[in-house]
Amino acid sequence: MAPKTLFLYPLYPFLRPLSPPNFSTHLFIYNPKPLYITCHSTNSHQNKPHSQSTPTIEPGGSGAAAPTRGDIFLERQQALEASAKVMLETKKIKKKKRDKMSKGSGVDYSCYGCGAPLQTVENDAPGYVDADMYQLKKKHHQLRTVLCGRCQLLSHGHMITAVGGNGGYAGGKQFVTAEELREKLSHLRYEKALIVKLVDIVDFNGSFLARVRDLAGANPIILVVTKVDLLPKGTDFNCVGDWVVEATMKKKLNVISVHLTSSKSLVGIAGVVSEIQKEKKGRDVYILGSANVGKSAFINALLKMLSYKDPVAAMARRYKPIQSAVPGTTVGPIEINAFIGGVCDKLYDTPGVHLHHRQAAVVHSEDLPLLAPRSRLRGQSLTSAQVPANDMAPEVIISNGMNGYSIFWGGLVRIDVLKVLPETCLTFYGPKAVKTCIVPTCKADEFYKKEIGILLTPPTGKQIVDQWSGLETHRELQINFEDANRPACDVAISGLGWICVEPVGKGVGVSSELNLEETEVAKELHLRIHVPKPVEIFIRPPMPVGKAGGDWYQYPDLTEKEEEVRPKWFF
């Protein structure tokens, strides 16, 4: 059959495909000059009516121009060879990068429990592995699954410290300084990363990193408040969430959202997972926080929540970071594959930033579990009704409330009541193991020397004889208040808890009769707080906890612009 010739004129301003029923090829033409195209007919039924439907077009073509099975096989083999070549080049680049990072250190892998580089020399240092075990694991390419000796002891409840310098902890060899820990995280400010910052609700002020902006830079921050399940029963979390956001706004950080969570009960963890998936956008995710704020426990809860839909996270749970009450459990960044297709975006557990102003920096490692609340907080309220009888101080007249008395909070804090109302109530929120005791101020020094380590604990054990220097510093507080029917403030002790100061207490044993004239005159309370030398004292607005917190808490009045800028909180 003779070929057919088509004469096509320029097609503009509209382009249309040429698809006559007798041809199997679509032509898209845009040419200002006439174009001659020769086509061979492939339809043997030329006498069919023009209205009949066009035959189905095969993507590989048909007739003599169609690729044979051999051609298809060869193309597939060439594609596989090219893919294998690319993968080989990628492996070479990764190996070269890994060798460059480990050059000079003599190690390629780290302990998956604490992040310390594996080593076989110092048996009392983090990362130590028996030489025979190391060679065996290396032979079978299993060094990524090795747990160092220190982590094995920590997993069995042993209290082994690892951090020295400012905030050093007695009871173990000092391995890493606080400055070195900060140096390990200093690169974050120059990278595009998503920061998940953890804060302990029991020690909100003490665990909130003061220099977090130096570490995070301009990167977005998801603020995660941990251990909310420890707050007193009946707490209104709407009030607590608003209180946390208000306190966070004063820090002037790039916080995009606030989440109230509990790693133990998984409350709020799903919201954090959703926020991370939404905001990471191909960036690495870094878990940041002070020592013992609960980073490892949070990561384990995060992996558990991710593992429901992510098999990669389920695999990562097999080699999860070690949890311990010892500050400095994590001594190096731990890379975790927690996301599907996470070639570029990883999850990193970072070493805890050690703050020398917390109580954990001054007590012995054996006493650290006493500072960690294990169950729901129940405030210990002290009023004039709890003032001891006259057997200890007959000359003291109790009619003036708690004025002239001192309250010991374990052996770590002493509060001298200088001037308060007869109805004033002090409520202590902290670990149950740290008890309160009230004595006359004139006998407080003698009582402390006699009962330290016995009735007043912590500290306990050999630290009292060897290292304990007592309550060396004090701070006098003048607390002003406007409304006597709501708490005046919280006195937060870094690393321990807080004391709620109520001008007029509502607890049992407090007189309901209030001298209004005296209240109008006395608009301030005077206290003196004694603590160990490095420990800090914070004065803050009262946290609305318990059933009464929702009654007296006042939400701030915000403009529309302030409402838009203010980060949202989730629970």
Worksheet item: Given Cys500 and Leu426, is the side-chain contact (heavy atoms from CB on, under 4.5 Å) satisfied, shown in steps?
Response: CA-CA 6 Å; Cys500 180; Leu426 302 180; over 6 Å; no
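- Closest non-hydrogen pair, Pro544 versus Thr235, comes out as O-CG2, 3.8 Å.
- Of the inter-residue distances, the one linking Ser381 atom OG with Glu502 atom CD reads 7.0 Å to the nearest 0.5 angstrom.
- Pairing each heavy atom of Val224 with each of Val196, the nearest pair is CG2-CG1, 3.6 Å.
- In this structure, CG on Leu496 lies 14.5 Å from OH on Tyr429, to the nearest 0.5 angstrom.
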Item to complete: Evaluate side-chain contact (heavy atoms from CB on, under 4.5 Å) for Asp242 paired with Arg566, printing each intermediate quantity in order.
Response: CA-CA 10 Å; Asp242 189 82; Arg566 206 167 187 254; 3.1 Å; yes
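- Side-chain atoms of Ser296 and Asp349, non-hydrogen and from C-beta on, do get closer than 4.5 Å to each other.
- Separation of atoms CG (Leu456) and CH2 (Trp409) is listed at 14.0 Å; rounding is to 0.5 Å.
- Judged purely by atom type and a 3.5 angstrom limit, Asn219 has no side-chain atom pairing as donor or acceptor with the backbone of Ile195.
- Nearest heavy-atom pair across Val434 and Gln380 is O-NE2, 3.5 Å.
- Looking only at side-chain heavy atoms (C-beta outward), Leu370 and Pro431 stay at 4.5 Å or farther from each other.
- Rounding to the nearest 0.5 Å places CH2 of Trp569 at 4.5 Å from CG of Asn238.
- Under the 4.5 Å side-chain criterion, counting only non-hydrogen atoms from C-beta, Val293 is not in contact with Phe298.
- When atom types are taken as modelled, the side chain of Thr424 and the backbone of Leu421 share a donor-acceptor pair closer than 3.5 angstrom.
- Contact check on Asp203 versus Lys227 returns no salt bridge, with no Lys/Arg side-chain nitrogen under 4.0 Å from an Asp/Glu carboxylate oxygen.
- By the 4.5 Å heavy-atom criterion applied to side chains, Leu215 and Tyr286 are not counted as neighbours.
- Arg486 contributes no side-chain N or O that, together with a main-chain N or O of Pro542, makes up a donor-acceptor pair within less than 3.5 Å.
- By the 6.0 Å contact criterion, CZ on Arg378 is open, its count of non-hydrogen atoms from other residues, nucleotides or ligands being 12 or less.
- In the displayed structure, Glu476 atom CD is contacted under 6.0 Å by more than 12 heavy atoms of other residues, nucleotides or ligands.
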Practice prompt. Assess whether side-chain contact (heavy atoms from CB on, under 4.5 Å) is satisfied between Phe208 and Lys197, documenting all intermediate values.
Written response: CA-CA 9 Å; Phe208 205 109; Lys197 174 177 166 45; 3.6 Å; yes
Fill in: Chi angles and distances behind the side-chain contact (heavy atoms from CB on, under 4.5 Å) call for Val420, Leu527
CA-CA 8 Å; Val420 297; Leu527 302 174; 4.1 Å; yes
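- A donor-acceptor pair is defined here as one N or O able to donate and one able to accept, closer than 3.5 Å; such a pair exists between the side chain of Thr441 and the backbone of Gly404.
- Contact detail for Cys114 and Arg150: the closest heavy-atom pair is CB-NH1, 4.1 Å.
- Inter-residue side-chain proximity for Arg213 and Lys251 is flagged as unmet; no heavy-atom pair is nearer than 4.5 Å.
- Checking side-chain atoms of Thr427 against main-chain N and O of Gly379 turns up no donor-acceptor pair under 3.5 Å.
- Contact check for Val240 versus Val228: no side-chain heavy atoms found under the 4.5 Å cut-off.
- Using a 4.5 Å cut-off on side-chain heavy atoms (C-beta onward), Phe237 and Val267 make no contact.
- No hydrogens or angles considered: nothing links the side chains of Thr226 and Thr261 as a donor-acceptor pair under 3.5 Å.
- Looking at Asp367, its side chain does come within 3.5 Å of a backbone N or O of Thr460 through a donor-acceptor pair.
- The shortest non-hydrogen separation linking Ala301 to Leu266 is CB-CD2, 3.5 Å.
- Lys435 forms no cation-pi arrangement with Phe428, by the criterion of a distance under 6.0 Å to the ring centre and an angle within 45° of the ring axis.
- In this structure, the side chains of Leu231 and Met543 come closer than 4.5 Å at one or more pairs of heavy atoms.
- Between atom CD1 of residue Ile276 and atom CD1 of residue Ile287 there is a gap of 5.5 Å, rounded to the nearest 0.5 Å.
- Considering NE2 of His530 and CG of Asp445, their distance stands at 8.0 Å, rounded to 0.5 Å.
- Tyr448 places a side-chain N or O within donor-acceptor distance of the main-chain N or O of Gly411, the cut-off being under 3.5 Å.
- A donor-acceptor pair is defined here as one N or O able to donate and one able to accept, closer than 3.5 Å; no such pair exists between the side chain of Glu122 and the backbone of Tyr128.
- Remark: the Ser262 side chain and the Asp229 side chain contain an N/O donor-acceptor pair separated by less than 3.5 Å.
- Put simply, the side chain of Arg374 never gets that close to the backbone of Pro369: no donor and acceptor are under 3.5 Å apart.
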Identify all side-chain donor-acceptor contacts of residues 531-541 below 3.5 Å with residues at least two apart in sequence or on another chain.
unit_1: Arg540; atom_1: NE; unit_2: Asp490; atom_2: OD2; d: 3.4
unit_1: Arg540; atom_1: NH1; unit_2: Asn205; atom_2: OD1; d: 2.8

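- No donor-acceptor distance shorter than 3.5 angstrom exists from the side chain of Arg189 to the backbone of Ala216, with no hydrogens or angles considered.
- Of all the heavy atoms in His356 and Ala361, the pair that sits closest is O-CB, 3.6 Å.
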